[in-house]
Amino acid sequence: MKLTSFFAISILTTVGLLGCSNQANDTADSASDTSQKTTTLRFSYYWPATSNMNTDVFEPWAKKIEADSNGRLKIELYPSAVLSEPGVTYDATVKGIVDIGSQAHGFTSGRFPLTQIAELPGISNSATQMGCIVQTLYDNGAIASEYEDSHLLFAYGAGPGALHTTNTPIRKPEDMKGLRMRHPSVVAASLMESMGASPIGLPSNDIYTSLQRGVIDGLSLPWGAVETFKIDELVKYHTNISFYSSAALVTMNKQKYESLPDDLKKVIDDNSGMAMAKKAGEVLDKEDKVAMQHAKDLGQEVIDIPDPLNNPAWRGILLKGTQQYLDDVTALGHDAHAVYKETQAASAACKV
């Protein structure tokens, strides 16, 4: 009996050990499966699939993140605003409707008043400079409060927004009187209105048909976007002036970012910030030069106003518009003039 009991105990012990071993292996396999699981992030933006921002910035960025994460992060790209309208992409990202979103700040009126101080006349002369300015202001905390509900990946900016019209050349502010002009932001709208124009808000994708139908007489848009959205097929005149500059962003749903393991957060972090701001700027600056030359090649008139803040015809009204915007932001309870000073300092530091 004792011998039989001994063998019985031995068999039970062995089975128990095998069971524990199998359970341990199952746990390890489960942990391994979790660590190798692919997380798919949906990225929504308004740029068309054929745009340089898509092909030269967003597509390589997505591929690099996938490679750096060994396939554990996959970014699905949704250009042309197919997942979210341009003006609500930031909020769609905050709410988790999309995981990552990109939009121009000016698409959401009043949502980013401090950031849009960087859009004022005389602050930026290139897309590279603009992206550097806004990213600097975010990094040093001057505008960070405007992004607390999301995880900002990087800011970027477009080159100066020139004026483009169908039938009326604009050589001085008075030439804007009575024109229906598509504006990209509250900053540009305020300046247009002060010159007697009627500013009209439209998504970029609607500009072409609005020009075709005569709903608008012209618009303010960076040079590269004129070619991207085929505006050069419909306009005849271009006033090459640093009228305003557009800031834009790429941000991520905060909860989605925080749900990632630390090593994947690092992959995202390593592909964010100033390097990406400058990369986007370089692509857009190159695009601006090509588009401007294309307009000239088409025989369209390009009117150059290289330094409007020192041009007697333009200086007064642009400075007045700047002061009005700062006063409006101050009335919201912000220290707009302090941020303006920081923006000017960033402009000098980021000058290309």
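Just the heavy atoms: all of them, side chains too, but no hydrogens, waters or symmetry mates, feed the values below.
Partners of Tyr46 by ring pair (Phe, Tyr, Trp, His ring centres under 6.0 Å), not counting sequence neighbours, listed by chain and number: Phe107.
Remark: the His337 side chain and the Gln323 side chain contain an N/O donor-acceptor pair separated by less than 3.5 Å. Looking at Tyr90 and Thr251, their side chains never bring a donor and an acceptor atom within 3.5 Å of each other. A side-chain donor from one of Ser102 and Tyr156 sits under 3.5 Å from a side-chain acceptor of the other.
With Asp285 contributing its side chain and Glu282 its backbone, the two residues share no donor-acceptor pair below 3.5 Å. For Ser109 (side chain) and Val186 (main-chain N/O), no donor-acceptor pair under 3.5 Å exists by modelled atom type. Thr108 contributes a side-chain N or O that, together with a main-chain N or O of Gly87, makes up a donor-acceptor pair within less than 3.5 Å. With hydrogens and angles ignored, the 3.5 Å screen pairs no side-chain donor or acceptor of Lys256 with any backbone N or O of Val98.
Classified by interplanar angle (parallel below 30°, tilted 30° to 60°, perpendicular above 60°), the ring pair Phe154/Phe58 is tilted.
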Working for salt bridge (charged side-chain N to carboxylate O under 4.0 Å, His left out), residues Asp56 and Lys286 = CA-CA 11 Å; Asp56 297 349; Lys286 182 179 178 181; over 6 Å; no
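Both Leu234 and Leu202 are part of a single hydrophobic cluster, where members link through side-chain heavy atoms under 4.5 Å apart.
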Got a list of side-chain donor-acceptor pairs under 3.5 Å for residues 187-195, not counting sequence neighbours?
{"unit_1": "Ser194", "atom_1": "OG", "unit_2": "Leu191", "atom_2": "O", "d": "2.6"}

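Within the structure, every pair that satisfies the side chain to side chain donor-acceptor pair (under 3.5 Å) test and touches residues 80-89, not counting sequence neighbours, is listed here: Ser44-Ser84, Ser84-Thr89.
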